There are 2 protein chains.
Amino acid sequence: MRADARRNRDKIVEAAAEIVAERGVHVPMELIARRAGVGVGTLYRRFPDREALITAIGDHYVRAMAEVVDVTARQSADAWSAIGRFVAWAAAPGRVALASALAVLPQEATTGGAEFAEARREWVERLDRLVRRAQAEGDMRTDAGVEELIHLLAVFTCHPNGLPEPVAADPGRYLRLMLDGMKAPSADPIG
Amino acid sequence: MRADARRNRDKIVEAAAEIVAERGVHVPMELIARRAGVGVGTLYRRFPDREALITAIGDHYVRAMAEVVDVTARQSADAWSAIGRFVAWAAAPGRVALASALAVLPQEATTGGAEFAEARREWVERLDRLVRRAQAEGDMRTDAGVEELIHLLAVFTCHPNGLPEPVAADPGRYLRLMLDGMKAPSADPIG
DNA sequence: CCATAAGTGGACGAAAAGCTTCCGCTTGCG
DNA sequence: CGCAAGCGGAAGCTTTTCGTCCACTTATGG
């Protein structure tokens, strides 16, 4: 692979991540290409179809998240506050394309290839360790687990342009509300 | 207006509400017509365009909600549990087209006509009374109000087919988690 | 029971929006 | 310097939905 081709590939993934974050998984390929500063032809040579591209974004993000989970875990006094920081990071404006990794891709994991599936598993596992620790330390309710956390996160990161405007404007605020709901002791078990 | 025409109009609104709940605001008009058991022609005579139809649905629901707020308020011992019941009602499967009333329509309220705007205002006001009472009774955190409640509700009712699958399957569960987050005393003020 | 105006369904033509391919030109690299 | 790899983007194709139109049906009042 030629050096310039490599550069372009990276530009494409980056641009795609941005746009998908802004406008959802269905943005026209041409917009992505334009943002990346390349022609559609180039895009299609690298990624045979939209799915391949989306998977690439997912891969990109899922690795970043695994990394962040680790870093926050090391930097925080307790597991619960590490979770809080991770969520804050994930909800930061423009970091929203997580959709791919969180919600879209589990189904596509098979399609996305074993390598991606593995990366995602690794991420979930790390986050799960944090969750269990927070629960053991009595900071997190035990009737909700890592799955709930991820789904809820996905709700806020999935539909950036479909979200009610005030939520889209400050997802972090709502995410904090949601985190409060997961904190122990819970009002009522959710069953 | 002939009696049969009136019947058809109602069938259309009902069908539209169902389908919009299932597939979002952008469902093809033809699907709506088919579900209602009429031809597209009939649909278009009654509602000049999609927006008119959506507004009609919003109107439909916003009135229903205002009613339910009242009923639950009367039936519940305290304001907080009334809120809980209202939310549970709103999150019931198939009741999801609230989207229109909650998120889409505020912007379209002007379009939808003064009558609709008024109905919506009435609903919000009733819910707000409940919220303030719950706060006064010390059951609900005071750094979140009726707006937050509505926005959060909208998150779960807006994108039925875009929602992560597990959330779509049981929105109530996640809504309960969210309600816990709004219960007093809060872990940390959300600012 | 009939006349008629209101109502009806669904085929149809137009248009928009995207996807992908293709090909003549450019450029990194050995 | 030569050429394989890479590039851009116009063009063709498909799919999707819209909204109109009109020949046929049916309530309804007299």
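What you see is a predicted model; the values in this text were computed from it and never measured. Numbers restart at 1 for each chain; the letters A, B, ... are given by sequence-line order, proteins then strands.
Taking both residues in full, the closest heavy atoms of B:Ser76 and B:Arg85 are given as OG-NE, 3.5 Å, listed atom of the first, atom of the second, then distance. Across all non-hydrogen atoms, the minimal contact from B:Gly84 to B:Leu179 is CA-CD1, 3.7 Å. Between B:Gln135 and B:Thr142, the shortest heavy-atom contact is NE2-CA, 3.5 Å.
With hydrogens and angles disregarded, a donor-acceptor distance shorter than 3.5 Å links the side chain of A:Arg50 to the backbone of A:Val25. A donor-acceptor pair under 3.5 Å is absent between the side-chain atoms of B:Glu14 and the main chain of B:Lys11, judged by distance alone.
Judged by closest nucleotide on DNA chain C, B:Arg6 is the one of B:Arg6 and A:Arg2 placed further toward the 5' end. Residues B:His26 and B:Asp4 each lie close to DNA chain D; by heavy-atom proximity, the contact nearer the 5' end of the strand is made by B:His26. Both A:Asn8 and B:Arg7 lie near DNA chain D, and the one whose nearest nucleotide falls closer to the 5' end is A:Asn8.
Near DNA chain C, meaning a heavy atom under 4.0 Å from it, residues 43-50 of chain B has B:Arg45, B:Arg46 in order of number. The stretch residues 27-39 of chain B touches DNA chain C through B:Gly37, B:Val38, B:Gly39, each having a heavy atom within less than 4.0 Å of the strand.
Between B:Glu125 and B:Arg121 there is a salt bridge, since at least one side-chain N of the basic residue sits less than 4.0 Å from a carboxylate O of the acidic one.
The line from CG of A:Leu31 to CD of A:Glu18 is 12.5 Å long, rounded to the nearest 0.5 Å. We find the CG-CG distance between B:Leu153 and B:Leu149 to be 6.0 Å, quoted to the nearest 0.5 Å.
Bounding nucleotides for the chain A contact on DNA chain C, 5' to 3', at a heavy-atom distance below 4.0 Å, are C:dG18 to C:dC29.
Heavy atoms of other residues, nucleotides or ligands lying less than 6.0 angstrom from CD of B:Glu137 number more than 12.
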